[in-house]
Asker: 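Questions regarding the structure given below will be posed in turn.
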Amino acid sequence: MTVSVIEQAKIQAQVLVPLIKTLQAELGEARANALVRKALGDLYRGFGEAFWKAKNESNLGKAVSSAFKTYARDDALAYDVIEQTADAFAFDVTRCAYAEFYKALGEPELGFLLICTADFATADGFGPDVRLTRTQTIMQGASHCDFRYRRDGGGSQ
């Protein structure tokens, strides 16, 4: 049995939250957060690349929908699909256990840093023609997260 992503995030937070708070105290918040973004960005970009290669799916909607189900496992997310085509996958997250967890810790800013910013790095790993836009997150106090994945140019890979 594999550990769900939400459970992994909770386990990782036990180490990462105190580590980042110490880095912020020593280096300043901006510098510490930039280092965390870089380190985790490289990691998540690699995850995206590995997923995309293993999935070997030219239909963007199918591929991203499949990836997203992994993050939603164990009732971690509730979401509404807005559009799913060969060149797009758009959805709104309406409930987020990741945000609930970090808000309960009193650390929604670190939740955004550790969880939400990973979305863009992972999408970068899907290839140079895949773009993610998101204008708001539950983690930052919005009513929902608006994920919009699109393939530039509208053609298949």
Side-chain angles (χ1 to χ4, degrees), residues 2-55 60 63-82 88-152:
T2 60
V3 177
S4 66
V5 179
I6 184 67
E7 289 305 315
Q8 290 175 37
K10 289 177 179 180
I11 293 165
Q12 292 166 350
Q14 294 175 32
V15 172
L16 293 176
V17 168
L19 176 62
I20 293 168
K21 289 176 96 43
T22 300
L23 287 171
Q24 288 173 337
E26 292 291 323
L27 303 173
E29 187 173 331
R31 178 76 179 126
N33 290 359
L35 287 170
V36 170
R37 268 189 223 94
K38 180 180 179 351
L40 295 181
D42 292 345
L43 178 70
Y44 285 110
R45 192 171 304 100
F47 289 162
E49 289 168 357
F51 167 81
W52 199 256
K53 188 180 260 185
K55 198 70 178 165
L60 180 67
V64 177
S65 173
S66 170
F68 192 70
K69 286 176 183 169
T70 301
Y71 294 98
R73 196 174 123 211
D74 288 352
D75 198 33
L77 301 168
Y79 61 98
D80 298 320
V81 175
I82 308 298
F89 187 61
F91 60 96
D92 290 340
V93 172
T94 56
R95 188 191 60 73
C96 177
Y98 301 91
E100 292 162 3
F101 171 72
Y102 274 95
K103 286 179 183 177
L105 286 180
E107 300 292 348
E109 302 83 17
L110 292 184
F112 183 81
L113 176 66
L114 293 169
I115 304 296
C116 302
T117 59
D119 298 328
F120 289 94
T122 302
D124 286 346
F126 292 168
D129 65 337
V130 176
R131 297 281 176 262
L132 167 62
T133 57
R134 188 186 62 216
T135 64
Q136 61 186 26
T137 65
I138 294 170
M139 193 80 76
Q140 293 180 304
S143 62
H144 66 281
C145 308
D146 58 343
F147 287 82
R148 305 295 184 262
Y149 289 86
R150 299 241 180 259
R151 179 173 283 125
D152 289 344

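Because the structure is predicted, anything quoted here is derived from the model rather than measured. Values below: every heavy atom of this structure, side chains too, minus hydrogens, waters and symmetry copies.
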Asker: By side-chain hydrogen bond (donor to acceptor under 3.5 Å, both in side chains), which residues pair with Asn33, not counting sequence neighbours?
Answerer: Gln24
Asker: For the side chain of Asp146 and the backbone of Gln136, is there at least one donor-acceptor N/O pair under 3.5 Å apart?
Answerer: yes
Asker: Please report the shortest heavy-atom distance between His144 and Thr94, naming the atom on each side.
Answerer: CB-CA, 4.4 Å
Asker: Kindly determine whether Phe120 and Tyr44 satisfy ring pair (Phe, Tyr, Trp, His ring centres under 6.0 Å), including the steps that lead there.
Answerer: CA-CA 9 Å; Phe120 289 94; Tyr44 285 110; over 10 Å; no
Asker: Is there a salt bridge (charged side-chain N to carboxylate O under 4.0 Å, His left out) between Asp124 and Arg131? Walk through the geometry before answering.
Answerer: CA-CA 7 Å; Asp124 286 346; Arg131 297 281 176 262; 5.7 Å; no
Asker: Measure the spacing between CD of Gln140 and CZ of Phe112 and express it to the nearest 0.5 Å.
Answerer: 4.0 Å
Asker: With sequence neighbours excluded, what pairs up with Phe89 under the ring-ring contact (aromatic ring centres under 6.0 Å, His included) test?
Answerer: Phe91
Asker: What's the shortest heavy-atom distance between Val93 and Ile138, and which atoms?
Answerer: O-CD1, 3.5 Å
Asker: For the pair Tyr98 (side chain) and Tyr71 (backbone), establish whether a donor and an acceptor sit closer than 3.5 Å, ignoring hydrogens and angles.
Answerer: yes
Asker: Which heavy-atom pair separates Pro18 from Ala13 by the least distance, and what is that distance?
Answerer: CD-O, 3.7 Å
Asker: Do you know which two heavy atoms are closest between Cys145 and Arg134, and how far apart they sit?
Answerer: CB-CD, 4.4 Å
Asker: Quick check: do Phe51 and Phe126 have side-chain heavy atoms less than 4.5 Å from each other?
Answerer: yes
Asker: Could you state the interatomic distance from OG1 (Thr137) to CG (Asp119), rounded to the nearest 0.5 Å?
Answerer: 9.5 Å
Asker: Which heavy-atom pair separates Trp52 from Gly125 by the least distance, and what is that distance?
Answerer: CB-O, 4.2 Å
Asker: When you look at Val130 and Val64, which way does the side-chain contact (heavy atoms from CB on, under 4.5 Å) test go after all the steps?
Answerer: CA-CA 10 Å; Val130 176; Val64 177; 5.6 Å; no
Asker: Quick one: are Arg37 and Asp42 in side-chain contact, heavy atoms under 4.5 Å?
Answerer: no
Asker: Check whether any side-chain heavy atom of Leu35 lies under 4.5 Å from a side-chain heavy atom of Leu27, and answer yes or no.
Answerer: yes
Asker: When you measure from the side chain of Arg73 to the backbone of Ile6, do you find a donor-acceptor pair of N or O atoms at a distance under 3.5 Å?
Answerer: no
Asker: Quick one, Thr117 and Val36 - any side-chain contact, counting heavy atoms below 4.5 Å?
Answerer: no
Asker: Which value, rounded to the nearest 0.5 Å, describes the distance between Arg95 atom CZ and Asp75 atom CG?
Answerer: 4.5 Å
Asker: Going by heavy atoms in the side chains, are Gln12 and Leu114 under 4.5 Å from each other?
Answerer: no
Asker: Step by step, would you call Tyr79 with Phe68 a ring pair (Phe, Tyr, Trp, His ring centres under 6.0 Å)?
Answerer: CA-CA 10 Å; Tyr79 61 98; Phe68 192 70; 4.6 Å; yes
Asker: Over all heavy atoms of both residues, which pair between Ala9 and Phe101 is shortest? Give the atoms and the distance, please.
Answerer: O-CE2, 4.5 Å
Asker: Could you state the interatomic distance from CD (Glu7) to CG (Asp74), rounded to the nearest 0.5 Å?
Answerer: 6.5 Å
Asker: What I'd like to find out is whether the side chain of Lys21 reaches to under 4.5 Å of the side chain of Glu107, using heavy atoms alone.
Answerer: yes
Asker: How many angstroms lie between atom CG of Leu40 and atom OG1 of Thr122, to the nearest 0.5 angstrom?
Answerer: 10.0 Å
Asker: Evaluate the side-chain proximity of Arg148 to Thr135: yes if any heavy-atom separation is below 4.5 Å, no if none is.
Answerer: no
Asker: If you measure from CG on Leu110 to SG on Cys116, what distance do you get to the nearest 0.5 Å?
Answerer: 11.5 Å
